[in-house]
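Just below is one structure, and these are the notes that go with it.
Each chain gets a letter, A, B and so on, in the order its sequence line appears, and its residues count up from 1.
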There are 2 protein chains.
Amino acid sequence: MGISDRKEREKTELRSLILKAAKKLFLEQGIEKTSIRNIADAIEYSPGTIYHYFQDKDSIFHEIHTEGFQELGKRMAILHEVENPFERLKAMGKIYIKFAFENTDMYDLMFLKQAPMDFLEKMDCEWDEGQATFDVLRHTVQSCMEQGYFKDQELEAVTFMVWSAVHGMVTLNLRHRCKVVNAHTPDEIVHVSFQAFIKLIEQQQ
Amino acid sequence: MGISDRKEREKTELRSLILKAAKKLFLEQGIEKTSIRNIADAIEYSPGTIYHYFQDKDSIFHEIHTEGFQELGKRMAILHEVENPFERLKAMGKIYIKFAFENTDMYDLMFLKQAPMDFLEKMDCEWDEGQATFDVLRHTVQSCMEQGYFKDQELEAVTFMVWSAVHGMVTLNLRHRCKVVNAHTPDEIVHVSFQAFIKLIEQQQ
DNA sequence: AATATATTTGAACACTGTTTAATAAACCAA
DNA sequence: TTGGTTTATTAAACAGTGTTCAAATATATT
């Protein structure tokens with residue numbers, strides 16, 4: 001069945017060509033300015049062709065969002081080297097913030113944009129990417145609790161709180177709501193308030 | 001000058017008629033589905049007329065965003081009755097979360113959407129609405145610090161951290177990222193993690 | 001009444017995501 | 001090689017978007 005194999009290969013090739021062009025345009029100009037016609041132009045196909053490989057725009061951006069989680073996962077991998085749970089939690093926060101700063105549009109797509117969630121809703125799928133990342137955080141928080149951090153607190157609540165705090169800092173910056181802060185630039189305030197958050201947890205000990 | 005007075009009056013009347021229709025449509029269907037043509041239809045004028053009263057769509061939604069801050073301000077007003085600073089901080093968080101839950105699209109516009117910030121950028125204006133709200137929070141945090149909370153922390157960093165934590169919880173819920181949490185519904189987790197955050201601050205004392 | 005000003009309009013421009021009928025290409029069996 | 005079938009690709013169309021602008025209408029002033 002070598003022929004149908006090649007056909008299959010050609011099909012996935014054009015599919016990934018579309019995806020590659022979409023990602024390039026997306027990283028250059030964001031989701032709103034990346035239109036189906038732009039993507040079609042970039043790969044020199046008609047707009048209609050794209051709908052033979054993807055059911056809609058949301059599905060394309062869901063796949064790009066997944067690539068974002070792969071990149072974040074890669075960066076998180078070094079955390080295995082950090083033995084101390086609380087040090088690991090701190091390092092995790094720093095990696096998360098660094099990722100957000102260096103991939104603003106990607107972070108936006110992963111944690112703010114409707115598109116990937118709309119796709120999951122339509123397909124009746126779970127948010128596996130978010131789930132896996134949250135699981136890693138939960139595990140680290142649990143280890144911290146076993147060492148006496150977050151005394152008398154509930155694991156799930158603390159984990160979500162930690163995520164929320166960092167996500168909040170990052171998104172207020174991303175969406176230009178940090179102008180109201182004195183004495184710090186928008187980029188600075190994210191870092192100093194993260195340190196303040198860490199200090200708050202540490203001082204409990 | 002009675003005639004020009006009446007003309008002035010009529011002009012502001014149509015202006016606020018546009019605004020009223022825009023707000024109604026916005027609260028019913030969100031910003032994306034509220035088009036200039038929708039608004040024009042609702043008030044039975046042509047689309048072009050709207051551009052004699054507003055320079056663009058962003059300016060309309062900046063004004064609606066301001067109304068949102070007025071509503072939030074009204075709700076915050078009862079905080080004057082809460083003497084204890086930390087109780088006031090807790091109450092403030094609860095009001096903020098309640099507002100976000102009861103006015104999801106408005107919260108989105110106020111703290112997430114690009115439109116009002118794009119308008120301020122174009123007009124070279126300050127974000128007065130956000131500034132005023134942040135000032136109230138800063139003042140409350142300062143009072144808390146004077147009572148021994150947030151020991152050895154910087155005021156600005158702590159204030160932004162508190163805002164970020166609550167904003168993070170609210171927006172992760174708003175943008176449907178809470179599915180990953182176990183044992184709690186998306187709505188529940190916001191409340192329990194807020195309690196966890198309060199506990200974290202309290203336990204320092 | 002004629003002129004000047006202000007307001008309103010509808011059409012146009014350049015876009016958007018998506019669907020579809022028609023066409024072209026590739027494949028397979030006789 | 002031919003004929004039939006499947007697959008891939010396209011252009012055009014649909015219904016929408018924000019915005020601009022010349023022209024038409026309405027109002028006010030001289």
Side-chain angles (χ1 to χ4, degrees), chain A residues 1-19 21-22 25-26 29-64 109 113-116 118-119 121-123, chain B residues 1-19 21-22 25-26 28-64 109 113-119 121-123:
Chain A
M1 308 300 138
I3 291 168
S4 62
D5 273 13
R6 201 208 62 213
K7 293 225 75 185
E8 190 90 4
R9 221 164 48 234
E10 280 176 3
K11 216 178 162 177
T12 60
E13 259 167 41
L14 184 46
R15 201 191 133 89
S16 64
L17 191 69
I18 293 167
L19 222 46
L25 289 169
F26 165 70
Q29 329 167 304
I31 191 169
E32 255 77 54
K33 292 194 173 180
T34 304
S35 70
I36 298 293
R37 282 175 182 81
N38 288 160
I39 301 167
D41 279 359
I43 59 169
E44 293 174 297
Y45 276 83
S46 79
T49 301
I50 289 169
Y51 286 87
H52 269 256
Y53 295 86
F54 295 93
Q55 68 167 230
D56 56 20
K57 201 185 172 182
D58 285 349
S59 92
I60 295 174
F61 283 96
H62 172 265
E63 208 141 312
I64 292 174
L109 181 64
K113 284 267 147 57
Q114 222 73 258
D118 285 353
F119 174 79
E121 203 72 36
K122 272 179 287 190
M123 300 280 96
Chain B
M1 307 295 142
I3 290 166
S4 62
D5 273 12
R6 198 209 63 211
K7 293 223 78 185
E8 189 89 5
R9 222 164 48 235
E10 281 177 1
K11 216 178 162 176
T12 60
E13 258 167 42
L14 184 46
R15 201 191 133 89
S16 63
L17 190 69
I18 293 168
L19 223 46
L25 288 169
F26 164 70
E28 280 168 8
Q29 330 167 304
I31 191 168
E32 255 78 53
K33 293 194 172 180
T34 303
S35 70
I36 299 293
R37 282 176 182 81
N38 288 160
I39 301 167
D41 279 358
I43 59 168
E44 292 174 297
Y45 275 83
S46 79
T49 302
I50 290 169
Y51 286 86
H52 269 256
Y53 296 86
F54 295 93
Q55 68 167 232
D56 56 19
K57 201 186 173 183
D58 284 350
S59 92
I60 296 174
F61 282 95
H62 172 264
E63 207 141 315
I64 292 174
L109 182 64
K113 284 268 145 59
Q114 223 73 259
M117 296 299 126
D118 285 352
F119 175 78
E121 203 72 36
K122 272 179 286 190
M123 300 279 96

#### Entry: Between C1' of dA15(D) and NZ of Lys33(B), the distance in whole Å
14 Å
### Query
Phe26(B): what forms a ring-ring contact (aromatic ring centres under 6.0 Å, His included) with it, not counting sequence neighbours?
Phe61(B)
### Task
Please report, rounded to the nearest Å, how far the C1' atom of dT8(C) is from the CG atom of Leu17(B).
15 Å
### Task
May I have the distance from Asp41(A) (atom CG) to dC15(C) (atom P), rounded to whole angstrom?
11 Å
### Atom-to-atom span, NE2 of His52(A) to P of dT18(C) - whole angstrom
14 Å
### Query
Which residues pass the side-chain hydrogen bond (donor to acceptor under 3.5 Å, both in side chains) test with Lys57(A), sequence neighbours left out?
none
### Query
What is the distance, rounded to the nearest whole Å, between atom CG of Leu14(B) and atom C1' of dA6(C)?
13 Å
### Task
Please examine the side chains of Thr34(A) and Ile60(A), heavy atoms only from C-beta on, and report whether any two atoms are closer than 4.5 Å.
no
Protein and nucleotides 18-21 of chain D: nitrogen or oxygen contacts under 3.5 angstrom:
unit_1, atom_1, unit_2, atom_2, d
dG18(D), OP1, Ile36(B), N, 3.3
dG18(D), OP1, Lys57(B), NZ, 3.0
dG18(D), OP2, Ile36(B), N, 2.9
dG18(D), N7, Arg37(B), NH1, 2.7
dG18(D), O6, Arg37(B), NH2, 2.8
dT19(D), OP2, Tyr51(B), OH, 2.6
dT19(D), OP2, Lys57(B), N, 3.0
dT19(D), O5', Tyr51(B), OH, 3.2
dT19(D), O4, Arg37(B), NH2, 3.3

#### Entry: With Glu44(A) via side chain to side chain contact (heavy atoms under 4.5 Å, CB included) - residues at least two apart
none
### Summary
The ring-ring contact (aromatic ring centres under 6.0 Å, His included) partners of Phe54(A) (sequence neighbours excluded) come to none
### Query
Roughly how many Å is it from CD1 in Ile18(B) to C1' in dT9(C), rounded to a whole number?
14 Å
### Query
Taking atom P of dA11(D) as reference, at what distance in whole Å does atom OH of Tyr45(A) sit?
13 Å
### Task
Output yes when at least one side-chain N/O atom of Tyr53(A) is less than 4.0 Å from OP1 or OP2 of dA8(D), else no.
no
### Summary
Across all chains, not counting sequence neighbours, the side chain to side chain contact (heavy atoms under 4.5 Å, CB included) partners of Thr49(B) are Leu14(B), Tyr45(B), Ser46(B), Tyr53(B)
### Task
Whole angstrom is fine here: how far is it from CD1 in Ile39(A) over to P in dT18(C)?
10 Å
